[in-house]
Amino acid sequence: MAEKELRRNLAVLPIGTIRELTDLTDRQIRYYEEQHLIMPQRTASNRRMFSLNDVDRLLEIKDYLDAGDSIADIQAIYSKKAAKQREPDLSAHEMRQALASEFINLAGFSVNKKRKGY
DNA sequence: ATTCTTACA
DNA sequence: TGTAAGCA
């Protein structure tokens, strides 16, 4: 199911298609990119190329805007979302550490934490 | 024909 | 945000 995500992130749509798919003007689309709400890829000739996920994100942005959120609000929303996606790695590691020490305690073992190899 | 950047009666 | 100008 990772292959599907790959295709969803393939940037193959020119701005003209995005304009029709989202009912946004190219002016707005370029402005949102300037505000880092989206970061479409560029072709060798400097043309913006969007993915299906970009389309979803633009529709989402449009909803937030209609809901009264400001550009800054949306930037904050995506910033925190990006931060929480990089965090699970740490808690997974901490989880292993916690389980390991608890298991050691339950087993009645005593471990010298300063010893090499651990 | 399309898209890009820059600028503003 | 819209729109015009001059490029690519």
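The sequence lines fix the lettering, A, B, ..., with proteins before strands; numbering per chain opens at 1.
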- Output all residues satisfying side-chain contact (heavy atoms from CB on, under 4.5 Å) with A:Lys80, sequence neighbours left out; order by chain, then residue number.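 Applying side-chain contact (heavy atoms from CB on, under 4.5 Å) to A:Lys80 gives none.
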
Boundaries of the chain A footprint along DNA chain C (any atom under 4.0 Å from a heavy atom)
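Contact span on the strand: C:dT1 to C:dA8.
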
What is the 5' to 3' range of DNA chain B, first to last nucleotide, that sits under 4.0 Å from any heavy atom of chain A?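 Extent of the interface on DNA chain B: B:dT2 to B:dT5.
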
Neighbours of DNA chain C within residues 29-52 of chain A, by heavy-atom distance under 4.0 Å: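 When residues 29-52 of chain A is checked for heavy atoms under 4.0 Å from DNA chain C, the hits, listed by number, are A:Tyr32, A:Arg47.
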
Subject >> Residue from A:Ile18, A:Leu58, A:Ile15 passing side-chain contact (heavy atoms from CB on, under 4.5 Å) with A:Leu24 >> reply: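 Passing option: A:Leu58.
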
Do the side chains of [Y] and [X] get nearer than 4.5 Å, heavy atoms only?
{"X": "A:Tyr32", "Y": "A:Arg57", "result": "no"}
{"X": "A:Ile29", "Y": "A:Phe50", "result": "yes"}
{"X": "A:Tyr78", "Y": "A:Ile61", "result": "yes"}

For DNA chain B, the dot-bracket notation using Watson-Crick and G-U wobble pairs below 3.5 Å, [ ] for pseudoknot-type crossings and | for other-strand pairs, is .|.|||||.

Practice problem: Within residues 16-28 of chain A, find the residues that approach DNA chain B with a heavy atom at under 4.0 Å, and present them sorted by residue number. | Solution: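 Per residue number, the list reads A:Gly16, A:Arg19.
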
Contact residues, residues 71-78 of chain A to DNA chain B [heavy atom, < 4.0 Å] =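 Of all residues in residues 71-78 of chain A, none places a heavy atom under 4.0 Å from DNA chain B.
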
Hey, could you give me each pair passing salt bridge (charged side-chain N to carboxylate O under 4.0 Å, His left out) that has a residue in residues 35-55 of chain A? Not counting sequence neighbours.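 Every salt bridge (charged side-chain N to carboxylate O under 4.0 Å, His left out) pair that includes a residue of residues 35-55 of chain A, provided the two are not neighbours, is A:Glu33-A:Arg42, A:Glu33-A:Arg48.
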
Transitive ILVMFWY side-chain link A:Met39 to A:Leu59, under 4.5 Å: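 Unlinked, A:Met39 and A:Leu59 end up in two clusters.
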
Can you sort out the partners of A:Glu3 under salt bridge (Lys or Arg N to Asp or Glu O under 4.0 Å), two or more places apart, ordered by chain and number?
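With sequence neighbours excluded, A:Glu3 shows a salt bridge (Lys or Arg N to Asp or Glu O under 4.0 Å) to A:Arg7, given in chain and number order.
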
**Prompt:** Taking only residues two or more places apart in sequence, or in another chain, which ones meet A:Arg8 in a salt bridge (Lys or Arg N to Asp or Glu O under 4.0 Å)?
**Reply:**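 A:Arg8: salt bridge (Lys or Arg N to Asp or Glu O under 4.0 Å) contacts with A:Asp56.
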
With a cut-off of 3.5 Å and sequence neighbours excluded, list every side-chain donor-acceptor pair involving residues 64-74 of chain A.
{"unit_1": "A:Ser70", "atom_1": "OG", "unit_2": "A:Ala72", "atom_2": "N", "d": "3.4"}
{"unit_1": "A:Ser70", "atom_1": "OG", "unit_2": "A:Asp73", "atom_2": "N", "d": "3.1"}
{"unit_1": "A:Ser70", "atom_1": "OG", "unit_2": "A:Asp73", "atom_2": "OD2", "d": "3.0"}
{"unit_1": "A:Asp73", "atom_1": "OD2", "unit_2": "A:Ser70", "atom_2": "N", "d": "2.9"}

*Under a single-linkage rule joining Ile, Leu, Val, Met, Phe, Trp and Tyr whose side-chain heavy atoms are separated by less than 4.5 Å, which residues share a cluster with A:Met1?*
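So far as hydrophobic clustering goes, A:Met1 is joined with none.
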
*asked:* For A:Pro40 versus A:Met49, what's the shortest heavy-atom pair and its separation?
replied: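 The answer is CB-O, 3.6 Å.
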
Might you point out which heavy atoms bring A:Glu60 and A:Lys81 nearest each other, and give the distance in Å?
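Taking every non-hydrogen atom into account, OE2-NZ, 4.3 Å.
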
- Does A:Gln75 reach the main-chain N or O of A:Gln35 with its side chain, forming a donor-acceptor pair under 3.5 Å?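 Such a contact is found between A:Gln75 side chain and A:Gln35 backbone.
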
